[in-house]
There are 2 protein chains.
Amino acid sequence: MKKPDIQENLKKKGLKSTKHRMAILDILVKKDHPIAAEQIFLEMQKMAISINLSTVYRNLEVLAEKNLVTKLALSGDDRYVYEYNRMIHRHYLICLGCKKILALEDCPIKGYEQQIESETDYQIVGHKLDLYGYCPSCRKNNS
Amino acid sequence: MKKPDIQENLKKKGLKSTKHRMAILDILVKKDHPIAAEQIFLEMQKMAISINLSTVYRNLEVLAEKNLVTKLALSGDDRYVYEYNRMIHRHYLICLGCKKILALEDCPIKGYEQQIESETDYQIVGHKLDLYGYCPSCRKNNS
DNA sequence: ATGCGTGCAAAGGCTTTGCATCGTC
DNA sequence: GACGATGCAAAGCCTTTGCACGCAT
């Protein structure tokens with residue numbers, strides 16, 4: 001995504017376009033998997049952008065509130081990870097060896113939500129599905 | 001589950017049967033949904049069992065290590081929840097209104113894991129599926 | 001008797017917040 | 001110029017840990 005698009009995005013949501021905010025969104029847009037606040041912080045340092053970790057958190061909070069970013073609690077890591085909200089329904093495949101996260105785009109439970117809705121009388125608004133396992137290189141090292 | 005069974009369970013795993021440990025297991029066995037360490041702590045106080053919160057955590061850790069208990073990170077709550085390990089594959093339906101957790105026993109993604117295994121060359125060892133929505137009573141109050 | 005279990009207090013890690021200052025609109 | 005954004009430091013929350021004491025086997 002280009003810089004003007006990001007600015008446009010922020011404007012639409014009523015958020016100011018600061019260099020910090022844009023850089024955070026830019027980093028997230030370029031990642032195809034969720035990352036922790038600290039990783040964003042470190043990437044910004046690499047990019048020679050001076051920022052405070054609490055500012056990262058505050059921006060992530062606002063961006064999540066405006067639905068530009070999604071905040072996730074995946075197992076296997078005890079902190080939150082964040083990703084750019086592509087408005088695509090996604091699942092994750094997490095390697096228990098190296099903690100690498102892969103995004104999966106297809107969803108096997110379309111019909112399941114409806115089934116549960118009728119069974120429980122809940123209104124289902126979403127779901128979270130993560131797969132756990134070992135990636136090819138961790139499989140080699142373990143066996 | 002009866003007290004002797006719990007003791008037997010602990011013994012088999014090489015764990016001493018202290019009154020604390022047995023009470024924690026007993027509480028978890030009786031719950032049909034996962035709860036936080038603090039809730040266990042509070043229930044024990046109600047039962048007039050004096051215990052320190054860190055002891056609760058330490059016991060949960062050992063019990064999870066021995067696979068008698070499962071430690072879960074569900075979204076919507078920023079702390080861990082624990083449940084007795086019934087050796088049943090389970091999913092959860094979490095009410096976004098009142099945070100109530102319902103356990104679901106059927107699993108819609110049996111074949112999906114295999115599909116992903118062949119697609120990604122990962123070795124899949126498990127998955128986590130949670131549904132989110134609003135329970136009947138929260139539906140009423142919101143609408 | 002030995003080693004695991006416990007209480008207490010303190011530390012740890014991630015995240016949030018208060019306050020004064022700075023930057024964007 | 002107004003109000004949101006930021007840095008810094010401190011606090012908050014959940015969880016873990018060190019150490020001395022107590023209890024189950």
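For the numbers below, each heavy atom of this structure counts, side chains included, while hydrogens, waters and symmetry mates do not. Chain letters run A, B, ... following the sequence lines, proteins first and then strands; every chain starts at 1.
B:Gln39 and B:Glu43 form no side-chain donor-acceptor contact under 3.5 Å, judged by distance and modelled atom types alone.
The stretch residues 42-52 of chain A touches DNA chain D through A:Ser50, A:Ile51, A:Asn52, each having a heavy atom within less than 4.0 Å of the strand.
The distance between atom NZ of A:Lys11 and atom P of D:dG4, rounded to the nearest whole Å, is 18 Å. D:dT25 atom C1' lies 13 Å from atom CD of B:Gln7, rounded to whole Å. A straight line from NZ of B:Lys66 to P of C:dC4 spans 11 Å, rounded to a whole angstrom. Distance CG (A:Leu53) to P (C:dG13): 14 Å, rounded to an integer number of Å.
Residues A:Tyr82 and B:Arg58 both approach DNA chain C. Their nearest nucleotides, taken by heavy-atom distance, put B:Arg58 toward the 5′ side.
Nucleic acid contact for A:Arg21: sugar-phosphate only, since backbone atoms but no base atoms lie under 4.0 Å from a heavy atom of the residue.
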Exercise for review: Please lay out, stage by stage, how B:Glu65 and B:Lys13 fare under the test salt bridge (charged side-chain N to carboxylate O under 4.0 Å, His left out).
Suggested key: CA-CA 10 Å; B:Glu65 220 166 72; B:Lys13 300 285 186 171; over 6 Å; no

Practice item. Evaluate the side-chain contact (heavy atoms from CB on, under 4.5 Å) criterion for residues B:Val69 and B:Val62: first the C-alpha distance (whole Å), next the side-chain angles of each, then the deciding distance (0.1 Å), finally the verdict. Key: CA-CA 9 Å; B:Val69 158; B:Val62 177; over 6 Å; no

**Study point:** Check against side-chain contact (heavy atoms from CB on, under 4.5 Å), A:Ile94 and A:Leu131
**Key:** CA-CA 6 Å; A:Ile94 297 140; A:Leu131 299 188; over 6 Å; no

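Closest approach to the B:Arg79 side chain among D:dC8, D:dT16, D:dC14 is made by D:dC14 (side chain taken as heavy atoms from C-beta onward). With D:dT6, D:dT17, D:dA9 as the candidates, the nucleotide lying closest to the side chain of A:Ser54 is D:dA9.
Relative ring orientation between A:Tyr57 and A:Tyr82 is described as perpendicular, the plane-to-plane angle rising above 60° on a 0-90° scale split at 30° and 60°.
Of the possible donor and acceptor atoms, one in the side chain of A:His20 sits under 3.5 Å from a partner among the backbone N and O of A:Ser50.
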What nitrogen or oxygen pairs link the protein and nucleotides 22-25 of chain C at under 3.5 Å?
| unit_1 | atom_1 | unit_2 | atom_2 | d |
| --- | --- | --- | --- | --- |
| C:dG23 | N2 | A:Lys16 | NZ | 3.1 |
| C:dT24 | O2 | A:Lys16 | NZ | 3.2 |
| C:dC25 | OP1 | A:Ser17 | N | 3.2 |

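We find that B:Glu83 and B:Lys31 are not joined by a salt bridge, their nearest charged nitrogen and carboxylate oxygen being 4.0 Å or further apart. Salt-bridge check for B:Lys71 with B:Glu61: failed, with every basic side-chain N at 4.0 Å or more from each acidic carboxylate O.
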